[in-house]
Every structure is written in structure tokens, then in C-alpha cells.
Amino acid sequence: MKLKNEHFWLLIFALNFISFQLVQDYIRPQYMGNNIPIKYFLGVAPNFFPAIGIPSLFMVLIPILLINKPNSWFVLKRHLSSNLVSVTGLIGWEILQVTGKLVFDWHDILWTILGALLFQLIWKISSKVFR
């Protein structure tokens, strides 16, 4: 059975969504160890996983939402537009945390960008498979 392009991106989204939820709700609150690299990754993982997962979902949604404009830049370059929308939202949310009770962290922005770069790498590799 051949994996369809849309199914692949939904799978990437689901894996990242599940990873985000596991880290955010179960692993991070219960981790009592003193391993600094693990504590660091658990701190930035809620930014890293969405930076991969959200654009993966947009890879499927953009062609559906812009069905009347199949030749628009957003559809033809949806790997870039998906990532651009996602990174803008995630970094914007991080910046808004300065004004509230939440914690702003430059490391979260760094790992958001690293997640976006990993998404681009996944797209580049997978685009050869689906051609």
C-alpha cells in the first residue's frame, strides 16, 4: 500500500501533536531527574514539536482552503507558506508572553526555528519520494 502525500503530512502532524501533549502534560511535570540536557529539551520541546507539526497540517489544509486558487503562490509553494504562517504565529505567541504571566524565552524561539528547519528538511526529502 502506497502512502499518499496528504496521509504522510497528517501522520507527521499527529506524531508531533502526540509528542507535544506527552511532553507538556505527562513527561515534563513528572520528570524529577537532574539531567540538564533532558531538562533543557523538555523545556523547549513544546515549541519544537509544533514548529514541525503545524506546517505539516497546513500542507494538507492550504490546497483545500484555496481550492479556487490552485495556481497561487500559497498553494504552489505550500511548504514555504505553511512554514511561514506557522513560525510567525509561534514566534508571535512567544513574544506576547513578555506582556503576560507566561515566561518569554529566547531558547523557545531558537527551537521554533530549528523545528521549522527540520520541517523544511522533511519536505525536501519527502518531495523526492512523492514525485
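Sequence positions, counted from 1, serve as the residue numbers for this chain.
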Is the shortest heavy-atom distance from the side chain of L117 to the side chain of I113 under 4.5 Å? yes
What one should report as the nearest heavy-atom pair of P46 and L42 is CD-O, 3.4 Å
Using distance only, find each side-chain donor-acceptor pair of residues 51-74 under 3.5 Å and give its atom names and separation, not counting sequence neighbours.
from: S56; atom 1: OG; to: I52; atom 2: O; distance (Å): 2.8
from: S72; atom 1: OG; to: K69; atom 2: O; distance (Å): 3.1

So do F8 and I122 actually touch side chain to side chain, heavy atoms under 4.5 Å? yes
What orientation do F41 and F48 show, parallel under 30°, tilted 30 to 60°, or perpendicular over 60°? perpendicular
First locate atom CG of N5, then atom CH2 of W9, and finally report the distance between them rounded to the nearest 0.5 Å. 7.5 Å
Common cluster, V103/I91, ILVMFWY with side-chain heavy-atom separation under 4.5 Å: no
Does one hydrophobic cluster hold both L80 and V75, with members joined at side-chain heavy-atom distances below 4.5 Å? yes
Is there side-chain contact between D105 and W111, with heavy atoms separated by less than 4.5 Å? no
Same apolar cluster (I L V M F W Y, side chains within < 4.5 Å links), L102/F49: no
Nearest heavy-atom approach of N34 to Y31 is N-OH, 3.9 Å
When you group the ILVMFWY residues by side-chain heavy-atom contacts below 4.5 Å and let the links chain together, are L110 and W93 in the same group? no
Name every donor-acceptor pair, under 3.5 Å, that has one atom in a side chain of residues 10-25 and the other anywhere in the protein, sequence neighbours excluded.
from: N16; atom 1: ND2; to: I12; atom 2: O; distance (Å): 2.8
from: S19; atom 1: OG; to: L15; atom 2: O; distance (Å): 2.8
from: Q21; atom 1: NE2; to: D25; atom 2: OD2; distance (Å): 2.6
from: Q24; atom 1: OE1; to: R28; atom 2: NH2; distance (Å): 3.1

Does E94 reach the main-chain N or O of W106 with its side chain, forming a donor-acceptor pair under 3.5 Å? no
Taking V44 as the starting point, is it possible to reach I27 by hopping between hydrophobic residues whose side chains are less than 4.5 Å apart? yes
Just distance, no hydrogens or angles: give the donor-acceptor pairs under 3.5 Å from side chains in residues 83-90, sequence neighbours left out.
from: N83; atom 1: ND2; to: A116; atom 2: O; distance (Å): 2.9
from: N83; atom 1: ND2; to: Q120; atom 2: OE1; distance (Å): 2.9
from: T88; atom 1: OG1; to: L84; atom 2: O; distance (Å): 2.7

Keeping the roles fixed (side chain from T99, backbone from L96), state whether a donor-acceptor pair exists under 3.5 Å. yes
